[in-house]
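Labels below follow one simple rule: chain letters A, B, ... track the order of the sequence lines, proteins then strands, and each chain is numbered from 1. Computed from a prediction, not measured in an experiment: that's the story for all the values here.
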Amino acid sequence: MKFSTLLIPTSKETPGDASLASHIYLLRGGFIDSVGDSGLYNFLPLGKKVLDKIRFVVKEELDRAGCQEVALSFVTPESLWRESGRLEKYGRELLRFKDRKENNFVLGPTHEEMMVNLIRRTVKSYKQLPLHLYQINLKFRDEIRPRFGLMRGREFLMKDGYSFHVNREDMQREFAHMEETYKTIFTRLGVDFRVVEADSGAIGGTGSKEFMVLADSGEDTIVICESCEYGANIEAAVAEPKVYDEGVTYISVKMKAHYDEGKSKVIAFVLPEGAELQEVKACKAVGANDLSVSDESAQAPIVVIEQSLGAAVDPHDFDAKEIFYEDISSVKEGDRCVHCGGVLRYTKGIEVGHIFQLGTRYSEALGCHFLDENGKSVPMVMGTYGIGVSRLLAAIIEQNHDERGCIWTRECAPFIVQIIVANMKDEAQKAWGEKLYYEMREKGIEVLFDDRTKRFGSKMRDYELIGIPYAVVMGKNLPEGKVEFITREGMVKEEVGIEDLSLFVEKRVLS
RNA sequence: CGGAGUGUAGCGCAGUCUGGUAGCGCACCUGGUUUGGGACCAGGGGGUCGAAGGUUCGAGUCCUUUCACUCCGACCA
């Protein structure tokens, strides 16, 4: 396509509130446009092209893996959320509204309820199982504090898949199959990622794994083993238990645990000195939705003791009604791996995928049953699988950029090659540029032709900012029959003879 | 929700203390000179100064109220 006709509003200046490389470059490169600084974004032609590329890879691999694409209604009746018991738990992140008849609806932040509702109406027999349906659709979460551009917008594009099985074993087979499929997808997209064990959060369920794009700016801390494949989100990471003897000093942290319907309890968490309370683990240990610091002076009626303290503390020291022993402390750098004894380290990651072994959490709540071989009604066993498609766009740039701008991976680039005519008033440069442009188009190579009358400098800046993998410059050496071939990564420049240009470009671009 | 701050042209900001013609840079339009690293000259368009009320001869500026957003902490693909 011709640059002069496309809406690509590049900008020299960095937008005020953008601090993350991906946010800055996507805005400056004219990929996205923010809507009123409130976590909402428009995708402009370049951004939409990248989004479609990612979507295509995701769809192709999922279809190959036997999943079926559907599109569920974005607006979902609140009653389904009430039925599943998630209305309260999801809370303020749900955007709720009424229609003209005063019926209550929510904008879907994830679609377990909708999907289960669909399946319970249409699937009745074990003969129809297993089934794996997915969609690539908008989601809305009314985030408390949207930031970092596409990384944490309120409206975002997500691929969400749901599988239904006759038993746990079959669900676990699909879970493993999806782990492999996701690895294929992220590898194809060209990102450096790591699969880690995770907490299941508000979705619920047991086994869960996250796919993390490794980047220093990531919001998640992940723990990885130096010696083996073990990796886990800090929220779920476990280490080889330490052994404490009786003389150990310990600290007690008093927290207020919040439950459904506004109920709360004060709980004391007891940790060895120097250890840190891991709130997600602590929530899980007491079945709470949330924890906050408690300033109550009274003795807490419930005490949870870090399990590794075991016999080292005397439970009679606490005047408590209930005492539990749980793993509630954060893994620290230098701790030992439970699998191989290797040293554990921290690193930062961006969560771009999450797969869950859901079990019967939703099928039971929503009455999604099937008849088995014996004619018995049984709840389906489910798995659920997500990929943050719009977030991936940001994650790819977070991992692939330099001080000049974006460096797109081949599968995601909006175009594969850009032709830059240094001076449009130079008839020879213009003619050779056009010739190559039409040849590339003829061969089905996605090409962006910078035919603007701007000066060379600003065209190069725009090229570097947008980050298309390759460029050809029709410039000052044209009279000697030479043009320049540029590889964006590293800005490597090569001189190429004009006679072999078309073949040369085709070979490099398609290799 | 707790703490800090900001609202003035499409974007980034000055002007507010000390009331008196609405400013600057970038972007945009016209003409000309330029054309290998964000050119230059000349001319031009664009604003209910976040909103409402008040004080005053006169309010972007002072007073009151209100709304919005940003930044730092607890949630998530």
Is the A:Trp432 to A:Tyr437 ring centre distance short of 6.0 Å? no
What class does the angle between the rings of A:Tyr385 and A:His132 fall in, given that below 30° is parallel, 30 to 60° is tilted and above 60° is perpendicular? parallel
Rounded distance in Å between the C1' positions of B:U8 and B:G46: 14 Å
Check the distance between B:C75's C1' and A:Lys284's NZ and give it to me in whole angstrom. 16 Å
For B:U56, the nucleotide meeting Watson-Crick or G-U wobble distances (both under 3.5 Å) is none
Counting only Watson-Crick or G-U wobble pairs whose two distances fall under 3.5 Å, which nucleotide matches B:U34? none
Whole-angstrom distance between B:G36 and B:U70, as gauged at atom P: 43 Å
So what does A:Glu93 hit on the nucleic acid, given a heavy-atom distance under 4.0 Å: a base, only sugar-phosphate, or nothing? base
Base paired to B:C13 (Watson-Crick or G-U; both N/O distances under 3.5 angstrom): B:G23
Nearest whole angstrom, please: distance from the P of B:C75 to the CG of A:Asn233. 11 Å
Basic-acidic side-chain contact under 4.0 Å: A:Glu13, A:Arg28: no
What about A:Arg28, does its side chain sit under 3.5 Å from the base of B:G12 through a donor-acceptor pair? no
Answer for the Watson-Crick or wobble partner of B:U61, both distances under 3.5 Å, is none
Do the side chain of A:Arg154 and the base of B:C76 come within less than 3.5 angstrom through a donor-acceptor pair of N or O atoms? no
For A:Leu40 and B:C69, what is the distance between atoms CG and C1' respectively, to the nearest whole Å? 13 Å
Between A:Arg404 and A:Asp402, is there a side-chain N and carboxylate O pair less than 4.0 Å apart? no
Ignoring hydrogens and geometry beyond distance, is the side chain of A:Glu464 in donor-acceptor contact with the base of B:G37 at under 3.5 Å? yes
Distance, P atom - from B:G37 to B:G73, rounded to whole angstrom: 43 Å
Can a salt bridge be assigned to the pair A:Lys454 and A:Asp462 using a cut-off of 4.0 Å between side-chain N and carboxylate O? no
Which value, in whole Å, describes the distance between the C1' atoms of nucleotides B:A59 and B:G20? 10 Å
Contact pattern, 5' to 3', of nucleotides 24-36 of chain B - B, S or - by protein heavy atom under 4.0 Å: -BS-------BBB
Rounding to the closest angstrom, what is the interatomic distance between B:C49 and B:A22 at atom C1'? 8 Å
Pairwise P distance, B:G2 and B:A9 [rounded to whole Å]: 30 Å
Determine whether the aromatic ring centres of A:Phe449 and A:Phe3 lie less than 6.0 Å apart. no
Among the nucleotides B:G38, B:C76, B:G37, whichever has the atom closest to the side chain of A:Ser458 is B:G38
Is there a Watson-Crick or G-U wobble partner for B:G73 with both distances under 3.5 Å, and which nucleotide is it? B:C1
Using a 4.0 Å heavy-atom cut-off, does A:Asp462 contact any base of the nucleic acid, only the sugar-phosphate backbone, or nothing at all? base
Taking only the side-chain heavy atoms of A:Met460 (C-beta and beyond), determine which of B:G37, B:A74, B:A77 contains the nearest atom. B:G37
Return the orientation label for the A:Phe186 and A:Tyr182 ring planes: parallel under 30°, perpendicular over 60°, tilted otherwise. perpendicular
Does this structure show an ion pair linking A:Glu411 with A:Arg188, if we count only N-O contacts that are shorter than 4.0 Å? yes
If we take the P atom in both B:G10 and B:A51, what is their distance in whole Å? 13 Å
Could you tell me which nucleotide pairs with B:U18 by Watson-Crick or G-U wobble geometry, both distances under 3.5 Å, or answer none if nothing does? none
Distance check, C1' atoms only: B:U18 and B:U61, in whole angstrom units. 10 Å
Between B:G38, B:C76, B:C75, spot the one nearest the side chain of A:Arg141, thanks. B:C76
Value in whole Å for how far the P atom of B:U70 lies from CG of A:Leu20: 16 Å
Can you tell me how far P of B:G10 sits from CG of A:Asp33, to the nearest Å? 14 Å
Quick one: A:Ile24 CD1 to B:G12 P, roughly how many Å, whole number? 14 Å
Please compare A:Gly153 and A:Thr10 by the position of their nearest nucleotide in RNA chain B and report the one closer to 5'. A:Thr10
Short side-chain donor-acceptor distance under 3.5 Å, A:Glu174 and A:Ser163: no
Does NZ or CZ of A:Lys49 lie under 6.0 Å from the centre of the six-membered ring of A:Phe415, at an angle within 45° of the ring axis? yes
Spacing of A:Leu157 atom CG relative to B:C76 atom P, expressed in whole Å: 21 Å
Can you tell me the base-pairing partner of B:A68? Count Watson-Crick or G-U wobble geometry only, both distances below 3.5 Å, and say none if there is no partner. B:U6
Over how many whole Å does the gap from A:Phe356 atom CZ to B:A77 atom P extend? 5 Å
